[in-house]
Structures are given as C-alpha cells and as structure tokens.
Amino acid sequence: MSNLQPVRGTHDLLPEDRRRHRHVEDVAMATSGLYGFEEMATPIFEFTDVFARTLGDTSDIVTKEMYTFETKGGDKITLRPEGTAGVARAFISNGMAQHAPIKVFYNGPMFRHERPQKGRQRQFHQFGVELIGVEGPQADIEVIALAHQILGGLGLADQVKLEINSLGDVESRSAFRTVLVDYFKSYESELSEDSRDRLGKNPLRILDSKNEGDRKIIAGAPDFAEHLNDASKLFIDTVQTGLTDLHIPFERNPNLVRGMDYYCHTAFEFITTELGAQGAVLAGGRYDGLIGQMGGPSTPGVGWAAGIERLAMLSDVSPTRNRPISVIPVSADLGSKAQTLVQDLRNAGLFIEFSFTGNMKKRLKRADKSNARAAVILGEDELKDGNVVLRDLDSGEQKVILLSDVAQTLKSNYG
RNA sequence: GCGGGUGUAGCUCAGUUGGUUAGAGCGCCUGAUUGUGGUUCAGGAGGUCGUGGGUUCAAUCCCCAUCACUCGCCCCA
C-alpha cells in the first residue's frame, strides 16, 4: 500500500462531519414526509446510456465528467452523476405509471469527475425529490414550497435566494433558439471562445456566461420571456402567482438556464453568495420530455436536488451527540456485575456507555469527555448493602441508591 | 481541462537570509489525588518539515517534477 490518501475529490466523513450531514438529511426527510413524499433508492450505477441519452450530448456532465467503465461482462456502466435519470428509469422499469402521480425523494452519493474545490467534490451527496405525473404548475409550486420549507428548517432562509425562470415548452424553445442564434451570430467574432462553441450546440447556455465581454452582448440579447407562447407564459405566470400567494420570495432571472437538456418550463435555483464559486445549493425544474425520451410512457415531471455538503457548510447548526450515562465499576472484579447492569439499563431503553478500562479517575474523565450526564458507580462498600452511587456529572452531586432502583431512577431523572 | 496560492506535531500555526538537538498554543499520556471528572501545577510522548529527484561540503529552506488542498475560470448540487 503506497498511498494512504483518499482518492482525489473524496473525503472521509468522521462522526462529527457525518452528524452535520445527517442533520441536513433528517430535516429534508422529515419535511418531505409532511408533503407526502416517500423515500426510494436506485442503484449507484446504471448503464451508461441511462445518463448519456437523457442528460444531453452537449452537457459537460456527459462529455467529460462521468465515471464510466466496462464490466467483465462487457457492459458499459456509469456511476450516477445525478439522481433524476435513475428515478426516471426506475419509473419505467417498474411500470410506476399506473400509480402516478408519484412523489418520491432520494438521498445518496453522486459522482462527477470535476476539479475539486470547496463545496465541489468528486463524490458528493445529494438529496432530491421528484413529483412525476402532474402536468399542471401546482406541482412546481409544491416542490418549490417543499424546498423553501426545508431550507427554512435548516435556518438558511436568509442565506439563500430563489431565482426562477421559464425555459418554455418545446415550441417556444425552438423558436427562441432561432432568434437567439440570429442575434449572437451578429456578434460572433466578439464572443468568448466558449460561447462561440455553445452557439452551435446549446445557445441558451450563452446566457449564463460569466465572461465580461459576453455579458455586454447578453445585455442586449432578446428576452426569452417575450418569446414564450401563450401556454408557456400562462404556466410560468401561474407558478409565480402561486409562490407569491405562499409568501415565498423569488426573483425572475431571465439568464437562468440549465445544463441538462431534459428541462422545460420552470427552472429554479436557490443560490448563496457564501460558498464562493459554488453558488447553487438546491436546483431543479420541470422535465416533461424526459420519461418519454427514455422510452417510457410520455409523463411529465418536476423535481430538484440539493447538495448535502453545501447545505451542511452553510448551516451553523452543529448538532451534538446524545448524552450517555456512564456505568463505572470501581475495580476490575466488579466488571461482570457492571456488565449485567449495563445490559439491564440498555434493555430499559437508556443510552449507556460502559467504562471498560482504567482507574476511577480515568473512567470518570472519559465519562466527562463523552459528555455523560451521570455516572453509576459500582463499589464494593455500597454493593454489600445492595446499593450503588449515582453521580450527576453536571452538578457533581451524588447519592447512594438501591441497585434495584437504578433503572427507574435514571429514567425519571434523565429519561 | 486552464490560471494563481498553500503544504512544518493529532489540530491551528510560528520558524530556518541553506549549517549541530525544528518551536508555540490546543489536544494526548503520566503524576500530585492507588474509590471520584471538569480547574490548577509538574513532567512526558509525538515530526520521512506532502512525495520524488536535482544543485550543494551541507536542503525543511534554492531549482524541477509530482500529489493533495485551496481561490478564480469552467461546470454544477
């Protein structure tokens, strides 16, 4: 073993880090439950086609960021770079259309071969929701309301800002695309190299270029909102009205577009300025064409995904470990007696740490380190009369109680 | 994939204009207190100075490469 570093872009989550992630997940899951979403899980890898066909030939994710390999059986496999494609595939594979609409959430690791940065790892974790089978804008409002409530539950309401935009339906988008290409063509020589490249592949993406020269040209570009057809216009207006009615603040950002091809109508992002270049903490949109395009029954859908790492970094909350009660035998030959007591107390539903080694001083010190609330001390002198010492570690007060009363006393004092 | 910065103890960081035993705070261990923690005091352990190569009598320090982290671009959660 020559290298004990973890693979680039991967990290160990030690208990403290994991606790922070877990808190984010707990809030997200509990809140999703209130909205009637249920957890599901799909495999961490899929056939490469599942992602390659759905994310779009021009997306960076497909063209350069996927972990793809061939199995011994010759199958082309990819570690999932995002969650929606897998859920859509599962929707089709399991004939879930008959149960539509379905409301699910997922939670787990995703993989993208990008250059690591703060808030951007190669293995990272996403929590996401999908609402599949509802055509109307109420579904969009519902998933955004859920996102808003989760972020609020994490205490991040003031640190993030919601931006939304409409990508229109297929008709609107292709019409706008023509208009947009015409416009940018007339400035082609002044565009950045990246944007010139996008002109042929995905001209909408030019709109969110950060290049300064591009920005000037974009400022004069045609506005998608003015090129939406009536149906698309009504759709996004309804979403906006709904958000306003629910007192969810948002801003329309005409330059908000999506990296993945399957989005239409509503696109939204909750963004922050506190994570440097990694501004998006939760983002999603509507993907009516996706399931049909994968070969399933034409089914609309809307959803989003949130980066657990980014949310955890943003959140000030550092949840503390539960506080145990320590059981300490004074001498080694009381070990088995102590072990029995420990077992009884755990069976009674109490969080007990058994102090294995060391002298009294050491064991109490360790109990203190573990943030124990109390220590039950077993000593020969007290045991002769069937007693033990119960010491409260916050106050330092201790009293002698009957061994047979320990469980009940602990439950009433610390349960 | 492109450009900049950083890498010294478990953690946060000093330091060496190239020269004998590389320091601090926190943490850890031991003792004062062999049946009582959090405070205090005394002592102690812990370092391939990221890795590999080069220059030099001599490299933790200079040079090159490489790895990791980090900031920006890109992309996105």
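Computed from a predicted structure; not experimentally measured. Worth knowing before you read on, the calculation uses all heavy atoms, side chains too, and leaves out hydrogens, waters and symmetry mates.
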Which of these nucleotides, C28(B), C76(B), C29(B), is closest to any side-chain atom of K369(A)?
C28(B)
To the nearest angstrom, the CE-P distance between M360(A) and G31(B) comes to 15 Å
By side-chain contact (heavy atoms from CB on, under 4.5 Å), which residues pair with V170(A), not counting sequence neighbours?
none
If you define the side chain from C-beta out and look only at heavy atoms, does anything of D368(A) sit under 4.5 Å from L364(A)?
no
Between C1' of G31(B) and CG of N359(A), the distance in whole Å
11 Å
Determine which nucleotide pairs with C74(B), using a 3.5 Å limit on both distances of a Watson-Crick or G-U wobble pair.
none
Atom CZ of R363(A) to atom P of C29(B): distance rounded to whole Å?
15 Å
Using a cut-off of less than 4.0 Å, is there contact between a side-chain N or O of R8(A) and OP1 or OP2 of U66(B)?
no
Are any side-chain N or O atoms of R120(A) and backbone N or O atoms of R115(A), one a donor and one an acceptor, separated by less than 3.5 Å?
yes
Short heteroatom pairs, N/O only, protein and nucleotides 7-11 of chain B, under 3.5 Å:
none

Regarding Q398(A), tell me which of base, sugar-phosphate or nothing describes its non-hydrogen contacts under 4.0 Å with the strands shown.
base
Show every donor-acceptor pair shorter than 3.5 Å between a side-chain atom in residues 36-43 of chain A and any protein atom, with sequence neighbours excluded, or say none if there are none.
none

A14(B) and U60(B), which share atom name C1', separated by this distance in whole Å
14 Å
Are R323(A) and D394(A) ion-paired here, with the side-chain N under 4.0 Å from a carboxylate O?
yes
Salt bridge (Lys or Arg N to Asp or Glu O under 4.0 Å) filter on R89(A), not counting sequence neighbours, yields E46(A)
Write down the distance between CD1 (I328(A)) and C1' (G35(B)), rounded to a whole number of angstrom.
11 Å
Taking atom C1' in both C69(B) and U12(B), what distance in whole Å separates the two?
16 Å
Mapping I308(A) and N211(A) onto RNA chain B by nearest heavy atom, which one lands closer to the 5' end?
N211(A)
How long is the line joining CD of E309(A) and P of C76(B), in whole Å?
18 Å
Let's see if you get this right: which residues in residues 376-386 of chain A place a heavy atom under 4.0 Å from RNA chain B?
I377(A), G379(A), E380(A), D381(A), E382(A)
Rounded distance (nearest 0.5 Å) linking atom CZ of R22(A) with atom CG of N107(A)
9.5 Å
Over how many whole Å does the gap from L204(A) atom CG to C76(B) atom P extend?
13 Å
Roughly how many Å apart are G38(B) and G10(B), using the P atom of each and rounding to a whole number?
25 Å
Could you pick out which residue, G284(A) or T10(A), lies toward the 5' side of RNA chain B when each is mapped onto its nearest nucleotide?
T10(A)
When rounded to whole Å, the NZ to P distance for the pair K161(A) and A77(B) reads 18 Å
Under 4.0 Å between a side-chain N/O of K118(A) and OP1 or OP2 of G72(B), yes or no?
no
What interatomic distance, in whole Å, is found between C1' of C49(B) and the corresponding atom of A22(B)?
8 Å
Would you measure the distance from the C1' atom in A32(B) across to the matching atom in G37(B) and give it in whole Å?
16 Å
Listed once per pair and sorted, the side chain to side chain donor-acceptor pair (under 3.5 Å) pairs that draw on residues 9-19 of chain A, sequence neighbours left out:
R18(A)-E25(A)
Examine the side chains of E130(A) and T84(A) and answer whether a donor and an acceptor come within less than 3.5 Å of each other.
yes
Base, sugar-phosphate or nothing for Q121(A)? Non-hydrogen atoms, less than 4.0 Å.
base
For D169(A), enumerate each residue passing the salt bridge (Lys or Arg N to Asp or Glu O under 4.0 Å) test, keeping only those at least two apart in sequence or located in another chain.
none
Using nucleotides 1-5 of chain B, report all nitrogen or oxygen pairs with the protein that are shorter than 3.5 Å.
| from | atom 1 | to | atom 2 | distance (Å) |
| --- | --- | --- | --- | --- |
| C2(B) | N4 | R115(A) | NH1 | 3.0 |
| G3(B) | O6 | R115(A) | NH2 | 3.2 |

Considering only the P atoms, how many Å lie between G15(B) and G7(B), rounded to the nearest integer?
11 Å
Can a salt bridge be assigned to the pair E353(A) and R321(A) using a cut-off of 4.0 Å between side-chain N and carboxylate O?
yes
With both distances under 3.5 Å as the test, what is the Watson-Crick or G-U wobble partner of G27(B)?
none
Can you tell me the pairing partner of G52(B) across any strand shown, Watson-Crick or G-U wobble, with both distances under 3.5 angstrom?
C64(B)
Pairs meeting criterion ring-ring contact (aromatic ring centres under 6.0 Å, His included) with involvement of residues 178-198 of chain A, two or more places apart
Y183(A)-Y187(A)
Kindly assign one of parallel, tilted or perpendicular to the pair F176(A) and F224(A), based on the angle between their ring planes and the thresholds 30° and 60°.
parallel
Pairwise P distance for C2(B) and U48(B), with rounding to whole Å
32 Å
Which of C29(B), A77(B), U36(B) is nearest the side chain of A283(A)? It is A77(B)
Pairs: protein N or O with nucleotides 38-41 of chain B N or O, under 3.5 Å:
| from | atom 1 | to | atom 2 | distance (Å) |
| --- | --- | --- | --- | --- |
| G38(B) | O4' | D368(A) | OD2 | 3.2 |
| G38(B) | N2 | L393(A) | O | 3.1 |
| G38(B) | N2 | D394(A) | O | 3.3 |

Taking donor-acceptor contacts at under 3.5 Å, does the side chain of R205(A) reach the base of C74(B)?
no
Figure out the CG/P separation between L314(A) and A77(B), and round it to whole Å.
17 Å
Is it true that K216(A) and E190(A) make a salt bridge, defined as a side-chain N closer than 4.0 Å to a carboxylate O?
no
Among pairs that include at least one residue of residues 154-163 of chain A, which meet side chain to side chain donor-acceptor pair (under 3.5 Å), considering only residues two or more places apart or in two chains?
E163(A)-N253(A)
In Watson-Crick or G-U wobble terms, with both distances under 3.5 Å, the base opposite C69(B) is G5(B)
Distance between P atoms of C26(B) and U21(B) (Å, rounded)
28 Å
Using distance only, find each side-chain donor-acceptor pair of residues 373-381 of chain A under 3.5 Å and give its atom names and separation, not counting sequence neighbours.
| from | atom 1 | to | atom 2 | distance (Å) |
| --- | --- | --- | --- | --- |
| R373(A) | NH1 | Y414(A) | O | 2.7 |
| E380(A) | OE2 | S331(A) | OG | 2.9 |

